[in-house]
Amino acid sequence: MTTAPASANGALTFPEGFSWGTATASYQIEGAAGADGRGLSVWDTFSRAPGNVRGGDTGDIACDSYHRYREDVALMASLGLNAYRFSIAWPRILPSGRGAVNQRGLDYYKALLDELGHRGIAAAATLFHWDLPQQLQDEGGWAERDTAARFADYAAVVAGALGDRVDRWITLNEPQVVASHGYRTGEHAPGVRDPDAARAATHHLLLGHGLAVQALRAGSPGGVPVGITLDMHPVRLPGGPGTDAVEQASRIRDAELNRLYLEPVLHGRYPAQARQTLLPPDSVLALGDDLEVIAQPIDFLGVNYYAPIFMRAGDPADLRHGERKVAGGDLPGVVEYAPAGLERTPMGWLVDPEGLYELLVRLSEDAPGLPLYITENGCAAEDYVNPNGDVNDVERIRYLHLHLDAAARAIRDGANLAGYYLWSLLDNFEWGYGYQKRFGIVFVDFGTQRRIPKASSRFYASVVRANAVPALPAT
Ligand code: FCB
């Protein structure tokens with residue numbers, strides 16, 4: 001188990017060899033949507049259809065990182081970062097999702113990986129960060145079992161072509177969000193609103209993960225570590241459960257949001273507490289030894305943390321200020337709520353570093369010895385270039401300081417945390433919000449593609465340099 005000693009001035013330090021990085025995703029930063037033989041993805045189709053994305057924004061150009069990757073890697077190097085999490089666009093490699101490989105797509109990622117290698121930045125490559133080839137969606141996408149097999153084929157291709165340059169593979173990013181937003185509510189691509197499709201997608205995403213783990217292991221020379229990234233939403237009851245209904249509801253929601261993905265991957269079973277409306281149907285499950293495949297041992301777990309959920313006793317039919325119904329149908333006597341005094345980011349997400357602390361400690365108890373990486377954490381802020389030409393994002397510095405402090409405390413208290421990837425390097429295409437929400441530590445002027453490092457990038461560089469959380473700078 002890693003230990004994080006306190007430094008001479010009392011600051012919490014991180015273990016030696018800790019990975020310090022930023023995270024991005026292909027559709028959100030690359031642009032170059034039609035370049036070099038790239039096929040269509042579901043996000044191209046979805047964002048180009050009116051009404052799906054704020055302002056009608058698309059990822060057609062985004063940060064143009066496809067052409068400006070050298071500048072972006074140089075920015076990371078200037079901040080002293082030693083790790084980078086990015087995603088590979090499946091439709092650049094297999095434009096139709098299957099069959100013929102597009103060599104020019106592979107060449108792009110080879111060039112990016114070589115650039116990272118020259119700068120001493122370790123590469124964590126995610127295979128699926130939501131840009132499914134449109135052609136596979138036309139055949140049903142993740143609601144169809146065949147997509148899992150196609151994902152494994154794609155994994156085998158990238159393992160063979162890029163496995164000598166990648167330091168860490170991540171199969172999927174946030175399958176929970178794909179199933180819920182992509183197939184149940186339709187607020188993300190592919191925009192499907194079908195509860196049964198969402199239940200099936202949950203299982204096929206996980207099956208795809210298991211098959212891809214096998215393919216990556218078989219195809220990557222030298223044993224590149226393989227893991228998955230899950231979005232985790234701790235359910236918090238700060239005053240204790242109070243009633244049995246709250247206790248039970250908190251277990252149900254934890255099962256549906258977190259353990260629906262965690263338990264199959266770690267233990268080869270679906271959580272009994274989840275409601276039938278979210279669990280994969282028997283017809284989907286009955287088709288083989290899927291759960292054994294899904295539970296292939298992984299080398300690390302990637303955790304994305306933004307905000308927890310709070311629950312308390314209340315009346316879903318008579319909500320108080322700050323309360324809302326528990327998602328997924330009414331649970332009598334219980335409500336979700338926003339505790340008074342907790343800040344929210346412009347996304348409306350609660351700022352609660354204690355959620356991160358609890359999560360890391362709990363995961364390390366549940367999966368002893370499994371290295372954890374925070375593969376995303378960060379916040380949107382109302383950033384702007386001030387008259388001096390600077391972006392003084394004090395809210396983001398405060399957010400990062402609080403969460404890095406929570407991570408360091410969790411390590412001190414036994415969490416097996418090996419790295420932190422800040423979301424995000426650059427302002428980028430924030431899915432349904434388009435370019436309206438800025439998450440970067442580097443400001444992007446989308447009209448000119450000029451990059452302007454924000455104050456938070458200098459704060460983060462100082463953390464990385466010290467390998468410790470410094471005192472919060474005076475504002
Ligand atoms: C996560 C996504 C990532 C980004 C952040 C803000 O759910 O994985 O792409 O949009 O949220």
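Remember, it's 1-based here, ligands and their atoms both numbered in the order they're listed. Note that the structure is predicted; figures quoted are calculated from it, not measured. Because only heavy atoms are used, hydrogens play no part in the values below, and waters and symmetry mates are left out as well, while side chains stay in.
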- Do other residues, nucleotides or ligands put more than 12 heavy atoms under 6.0 Å from Ile61 CD1? no
- Item | Polar proximity ligand 1 side, Trp349 side, N/O cut 3.5 Å exclusive | no
- Can an N or O of Trp423 be found at a distance shorter than 3.5 Å from an N or O of ligand 1? no
- Applying side chain to side chain donor-acceptor pair (under 3.5 Å), run through Gln449 and Arg451 and close with a yes or a no. CA-CA 6 Å; Gln449 291 298 345; Arg451 274 72 165 140; 2.9 Å; yes
- Give the atoms of ligand 1, by number and element, whose distance to some non-hydrogen atom of Trp431 is under 4.0 Å. 3 (C), 4 (C), 9 (O), 10 (O)
- Item | Residue Phe439 vicinity, atoms of ligand 1 by number, heavy atom under 4.0 Å | 6 (C)
- Item | Neighbour count >12 (heavy atoms, 6.0 Å) for atom CZ, Arg324 | no
- When you measure from atom 5 (C) of ligand 1 to every protein heavy atom, which one gives the shortest distance, and what is it? Tyr306 OH, 3.3 Å
- Identify whether the distance between the nearest side-chain nitrogen and carboxylate oxygen of Arg438 and Glu430 falls below 4.0 Å. no
- Message: Can you tell me which portion of Glu376 lies within the under-4.0 Å heavy-atom range of ligand 1? Options are side chain, backbone, both, or neither.
- Response: side chain
- Message: Please state which option from Glu430, Glu174, Lys437, His129 has its nearest heavy atom closest to atom 6 (C) of ligand 1.
- Response: Glu430
- Does the ring center of Phe18 lie less than 6.0 Å from the ring center of Trp20? yes
- Determine whether the side chain, the backbone, both or neither of Asn173 has a heavy atom under 4.0 Å from any heavy atom of ligand 1. side chain
- Query: So, Ser364 versus Asn416: side-chain donor-acceptor pair below 3.5 Å or not?
  - Reply: no
